[in-house]
Structure formats: structure tokens, C-alpha cells
There are 2 protein chains.
Amino acid sequence: MAAARSSAAAEKRRAILDAAVRVFARQGFHTSRVSDIADEAGVAYGLVYHYFRSKDEVLDTLFLERWDVLLETIREVDQQDLPVRDKLGAIAGFIVDSYRHDPDLMKVVIVEVTRAANTFGQTHLAKIREAYALIAVVVEHAQARAELRSDIAPQFAAMAFYGAIEQVLTGWIFDILPQAPADLEEAKRFVVETICGGLDDRSVG
Amino acid sequence: MAAARSSAAAEKRRAILDAAVRVFARQGFHTSRVSDIADEAGVAYGLVYHYFRSKDEVLDTLFLERWDVLLETIREVDQQDLPVRDKLGAIAGFIVDSYRHDPDLMKVVIVEVTRAANTFGQTHLAKIREAYALIAVVVEHAQARAELRSDIAPQFAAMAFYGAIEQVLTGWIFDILPQAPADLEEAKRFVVETICGGLDDRSVG
DNA sequence: CCACAGGTTGACTGACCAGTCAATCGCCGT
DNA sequence: ACGGCGATTGACTGGTCAGTCAACCTGTGG
């Protein structure tokens, strides 16, 4: 059947994307050549251009695949009837788990797109903003229910929350922070606890 | 006198650096050509190479000039006998004021170096880490004095604090957050308040 | 068993640009 | 005036690489 052909083709496409993740993670997008991707995938140079219009489109695809899942997750989380801490915990958890599951992919998404908003990510600014906006909505809802203080703009709170997570990820990516399984697990709780509870010592004493 | 010559030369060097800031901020480092810098500075192409060994060295110089001042500031702040909030407020204030004073330069430092740690900033990872480490020390001291809770690792707290600031700057840089003078001023307090006090609603009632 | 439509190949091209360098300029001291 | 030296110029070179394309391969359907 013809399906065999097209599913084999789909696998090739996937192989190229997976190879690109490894190459981009190792060398960075700008210093990666298309031939590096082809070699890593064990495929001819030209085939990359059979499946993708350009080198940029490969990165585009990787980013969008992942980011859309993130956006969907945030939307779902917000619709549930949970305390803010659980909602934010779920979001932080998703991001941390994404890193645990495929550190290379998260490295590429964060370092090459999210954090490179000037050169490349300009294209994706709207998508990136959407995540901030969705988190801001979560905060807003919590403020409306008096779960969170209302004297801090939700947009700023969202940036602080997301910034804290991204910075921790960046710390792992560049081996600045310890990343044993226990550290990853702790980080989820830590980010939420820091942002919601604050660092102040409130012990009785 | 010969001094006139060398001070004129120093001014040319400065002019090239200033032009580079504008060009890098506008186009991003990777898409900036050396000729763009020369044109912007109103200077011949070759002169850039008279003052700098390479295009990278231009960015190096810009980054180090600014980052060293930041490191020095953090060190000084930590030595003073102040409550943590004031210390962290001073650090946040310095960064926000740096942005206010020269947004283009901060954009370049953050977007092209700090946040581009994979491709370019790898070189400067040690310098960048130093800032995290110094902030962690501030947190550690505060924990020792029971100003801050001790159940959160200082390194993580430092990342959350720095990440929150950087994210807010990034928000300004890409016009995601409002940046009227009042917003900048508020942001200083906001970051410290979020990180130290937390977002939880603690109002009576 | 043939023919055709993908899928697959990799040599080639055109553009781009960092960095070089030999020539020129113009200030300074004499 | 003039000789010298650092500052300044910009045309040129060498290498790199994204993207093209014409040829080739393979398996599917008739």
C-alpha cells in the first residue's frame, strides 16, 4: 500500500528533526551547518530540503511542536478548579518534565528561540508572548479570588514566574545548577514556593 | 602635544563601540556586518580592525565593560550592613537604571551575550556565573541572619531573583511590558517584593 | 515486468562577509 | 618646510554555506 511509503517518509522527516535537535543542542543553531544535520541523520544533504524549505524552518518546526503543547497545557490547567499553587505547580512541572524527558530539545527551544528573541525568535514573539499572557491570566484569576495579592500587575508576576523557571532551566543547561533527579523534583516546588510564598523568613522566633 | 592624537584616537574607538551598540541592538549580532558598524560610526571598514582584533572582540568589549560594573556593584552592596531587601533592591535598581540609561546597550548585553550563552556567551559563562554566585552569597548571608528562610538553596534563589529581573528587562526590550518611567521605578520594588514577600495574599480578612 | 511517482542523492553555484594589506593622509616635533 | 609615524582608507581575497537541481533509485500499481 501507498501508506507504507508515506509513513517511511514521515519517519525520515522525524529522523531529520531528531538529528537537528542533537546538532543544534551541541553546536548552537548559527554554527550548525545543514550538512551537519544531514550527516547526523544519516541522510543526504538535499533530503533536508525535500522536507523543509530552509534551515530556519527546521528550527521553526521544533519550536512550534513543543511550544504549542506548552500553550495547550497552560490553557487546560487554568480551566481546572484548583488553588493557584497547584496551577503554577502544574505549569512548572510540565516545563521541568519536558526538560527531564528531552533536555536537548528544551535546550534548543530555550537557548535558540526563546532566549534569542532578537535574531531568530522575533518571528515567534507572538507565540512566546502568548505563554506570558496565559500565565498572567492564571495570576489574574487567583487575584480575583483573593488567593494572590492584587497590588502586583499580573503581567509582571507572570514574567517573574516564567523568568525564574527559565533561569533554572538555563542553569541546568549550562551545568551551573545541580540536576540530579531529586533536584529537578525539588525545583518544581521551589519555583512555586519562591514566587508564591516568598523568601522571607516567617518562622516563629 | 601627542596626547591630542591619542585622545582623538580614544574617541574614535569609543565612537566605534557606540555605533556597534546601536547596530547590534537594531539587527542582532549575527546579522550585523562589520561594514554596518563602520558605516554607523562614519568610519572606514578597516578602522574597526585597527582598534579591535575581530567582530567578536567588539561585542566582548561591550559586554565586559558593563558586566564588570555590575559585578563590582553587587560586591559593594553585599559588604554594606543593610537588610536583604535593600541589598536586592540596590542590585535590581542598578540593572533597571542601566537599562534606563542605555537601553540599547542592555539589550545587547542581555540578548546577545547573557541569553545567548550557547553560541557566543559560552566564552563569558564564567563571568555570568560570577554574578549568580555573588547574588547567592547575598542570599546566604541573609539566611544566616534569619532574614530569609533557609529551606531554599541560595543558588536557586539567586537564579529566581536574577531570572525575574532579566525576564522583566526582556519584556521591556521586546515591548511586551509597559516601560513608562513609573513602570521602571515600580519594577525595582516589584521584583524584590515578589521574590522576598511572595505573591500570596496575606491581607487580614 | 514495465512505467511512473515519489523519495533520495550530492556536486555545484552564487552570495555573502570576516579579515588583510598596501597605499594614503595629516598631525607633530624639529 | 619636512620627515616620520600613527591613523585611516577601502578594494580585495579566501573560505564558508544555504539552497538548487538534474540524475538516480525504489517500490507500487497496473
Side-chain angles (χ1 to χ4, degrees), chain A residues 1-24 26-63 108 112-113 116 119-120 122-123, chain B residues 1-21 23-24 26-63 108 112-113 116 118-120 122-123:
Chain A
M1 46 177 155
R5 254 225 194 138
S6 67
S7 92
E11 275 171 40
K12 273 286 164 69
R13 197 186 122 99
R14 200 49 291 144
I16 291 170
L17 285 171
D18 291 346
V21 167
R22 273 172 268 136
V23 171
F24 291 160
R26 194 193 309 135
Q27 310 168 222
F29 178 75
H30 287 285
T31 50
S32 297
R33 279 149 298 173
V34 174
S35 63
D36 293 334
I37 301 172
D39 290 351
E40 176 81 23
V43 131
Y45 184 90
L47 197 61
V48 176
Y49 286 92
H50 180 72
Y51 288 108
F52 304 95
R53 258 195 293 271
S54 67
K55 183 185 159 192
D56 279 13
E57 200 184 87
V58 176
L59 183 52
D60 276 345
T61 305
L62 291 172
F63 168 73
V108 170
E112 303 299 336
V113 184
T119 46
F120 187 85
Q122 201 76 300
T123 328
Chain B
M1 45 178 158
R5 255 225 193 138
S6 67
S7 93
E11 275 171 40
K12 272 287 165 67
R13 197 185 122 98
R14 203 44 295 143
I16 291 170
L17 285 172
D18 292 346
V21 167
V23 172
F24 291 159
R26 194 192 310 133
Q27 310 169 223
F29 178 75
H30 286 286
T31 50
S32 297
R33 280 150 298 177
V34 174
S35 63
D36 293 335
I37 302 173
D39 290 351
E40 177 81 24
V43 131
Y45 184 91
L47 197 61
V48 176
Y49 287 92
H50 181 71
Y51 289 108
F52 304 94
R53 257 195 292 273
S54 66
K55 183 184 159 193
D56 279 13
E57 200 183 89
V58 176
L59 183 53
D60 276 344
T61 305
L62 291 172
F63 168 72
V108 171
E112 303 299 336
V113 185
N118 205 24
T119 47
F120 186 86
Q122 201 76 300
T123 329

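Throughout, protein chains are lettered first and strands after them, A, B, ... in sequence-line order, and every chain is numbered starting at 1.
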**Integer-rounded Å distance: dT20(C) P and F52(B) CZ** = 15 Å

**Request:** Would you mind reading off the distance between R13(B) atom CZ and dA7(D) atom P, rounded to a whole angstrom?
**Result:** 12 Å

**Between P of dT9(D) and OH of Y49(B), the distance in whole Å** = 16 Å

**Whole-Å gap separating C1' (dG7(C)) and CD (E11(A))** = 14 Å

**Fill in**
Residues passing the salt bridge (charged side-chain N to carboxylate O under 4.0 Å, His left out) test with R14(A), sequence neighbours excluded, are D18(A), E65(A)

**Complete:** By salt bridge (charged side-chain N to carboxylate O under 4.0 Å, His left out), R13(B) pairs with (sequence neighbours left out) none

**Y49(B): partners by ring-ring contact (aromatic ring centres under 6.0 Å, His included), with sequence neighbours left out** = Y45(B)

**Request:** Could you work out which one of dC17(D), dG19(C), dG19(D) sits closest to the side chain of S54(B)?
**Result:** dG19(C)

**Message:** side chain to side chain contact (heavy atoms under 4.5 Å, CB included) for D56(B) and F29(B)? Distances and angles first, verdict last.
**Reply:** CA-CA 9 Å; D56(B) 279 13; F29(B) 178 75; 3.2 Å; yes

**Request:** Give the rounded distance in Å between these two atoms: CG of L59(A) and C1' of dA18(D).
**Result:** 15 Å

**Message:** I need the CD1-C1' distance between I16(A) and dG19(D), as an integer number of Å.
**Reply:** 15 Å

**Prompt:** Starting at NZ of K55(B) and ending at P of dC16(C), how long is that distance when rounded to a whole Å?
**Reply:** 15 Å

**Request:** Among residues two or more places apart or on two chains, list those pairs meeting salt bridge (Lys or Arg N to Asp or Glu O under 4.0 Å) that have a residue in residues 38-51 of chain B.
**Result:** R22(B)-E40(B), R26(B)-E40(B)

**Message:** Both conditions, 6.0 Å and 45 degrees, for the charged tip of K55(B) above the ring of F24(B): are they met here?
**Reply:** no

**Prompt:** Atom NE2 of H30(B) to atom C1' of dC17(C): distance rounded to whole Å?
**Reply:** 14 Å

Below 3.5 Å is the cut-off: list the nitrogen or oxygen pairs between protein and nucleotides 8-12 of chain C, distance only.
from, atom 1, to, atom 2, distance (Å)
dT8(C), OP1, K12(A), NZ, 3.0
dT8(C), OP2, Y51(A), OH, 2.8
dT9(C), OP2, A44(A), N, 2.8
dG10(C), N7, G46(A), N, 3.1

